[in-house]
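Notes follow once the structure below has been shown.
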Amino acid sequence: MSQAFAVIREAMKKKGMVAIGRLVMSTRERVCAIEIEEDGIVLTTLRTAEEVRTLDEIGHPDLPKPDSQMLDIAEKIVAQQSGEFDASELNDRYEDALRDLIEEKKKGRPVKSTKPREADDTNVIDLMAALKRSLQGDGPVERRKETSAKTKKAANTNRRKGRAA
């Protein structure tokens, strides 16, 4: 297997080519691109022509011109929150909830289903106030950092117990 992998990878690298293939993921066939990345091969799922829409097909959004003060604040927030991407900060909430559910069942505890929350259309947010709070570190970003720290701790605990993160 490793010999075949090495030969194909080297041939693609020498030719500077990307392979197009198909795979089945979640019971659905997907088109994919296979390309060389350093010493490995990277697979990226692609969209078919039927899945891609042009702006002319979906319509151009009629957006208002942003308020200059709000734009200045938003730009500062973007700069403040920019950084290196760390995939370990991401988690699959569905899988996490499913793992928790399985653990509860293993312990013999009854599992209760919950009704989905209904959208609250009356919760109108003052964007300017939210942007200012975010600049002061009192917004969703701070909560995301706290959640990220908890997620990392849980992932490390799962790795020590031999479970996937």
More than 12 non-hydrogen atoms from neighbouring residues, nucleotides or ligands closer than 6.0 Å to CE on M17, yes or no?
-> no
Compile the donor-acceptor pairs under 3.5 Å between side chains in residues 57-65 and protein atoms, sequence neighbours left out, one pair per line.
unit_1: E57; atom_1: OE1; unit_2: T54; atom_2: N; d: 2.8
unit_1: E57; atom_1: OE1; unit_2: T54; atom_2: OG1; d: 3.4
unit_1: H60; atom_1: NE2; unit_2: D56; atom_2: OD1; d: 3.4

Pick from R99, K105, K106: which one makes a side-chain contact (heavy atoms from CB on, under 4.5 Å) with E103?
-> K106
Side chain to side chain contact (heavy atoms under 4.5 Å, CB included) partners of A129, counting only residues at least two apart | D126, R133
Calculate, to the nearest 0.5 Å, the distance between atoms CD and CD1 belonging to Q3 and I8 respectively.
-> 10.5 Å
Donor-acceptor list for residues 26-49 side chains, cut-off 3.5 Å, not counting sequence neighbours:
unit_1: E29; atom_1: OE1; unit_2: R22; atom_2: NH1; d: 3.3
unit_1: T48; atom_1: OG1; unit_2: E50; atom_2: OE1; d: 3.3
unit_1: T48; atom_1: OG1; unit_2: E51; atom_2: OE1; d: 3.3

Same cluster (ILVMFWY, side-chain, under 4.5 Å), Y94 and V111 | yes
What pairs meet the side chain to side chain donor-acceptor pair (under 3.5 Å) rule with one or both residues in residues 12-21, with sequence neighbours excluded?
-> none
For D72, enumerate each residue passing the side chain to side chain contact (heavy atoms under 4.5 Å, CB included) test, keeping only those at least two apart in sequence or located in another chain.
-> E75
Interatomic distance, E89 atom CD to E84 atom CD [nearest 0.5 angstrom] = 11.0 Å
Which residues satisfy the salt bridge (Lys or Arg N to Asp or Glu O under 4.0 Å) test with K107, sequence neighbours excluded?
-> none
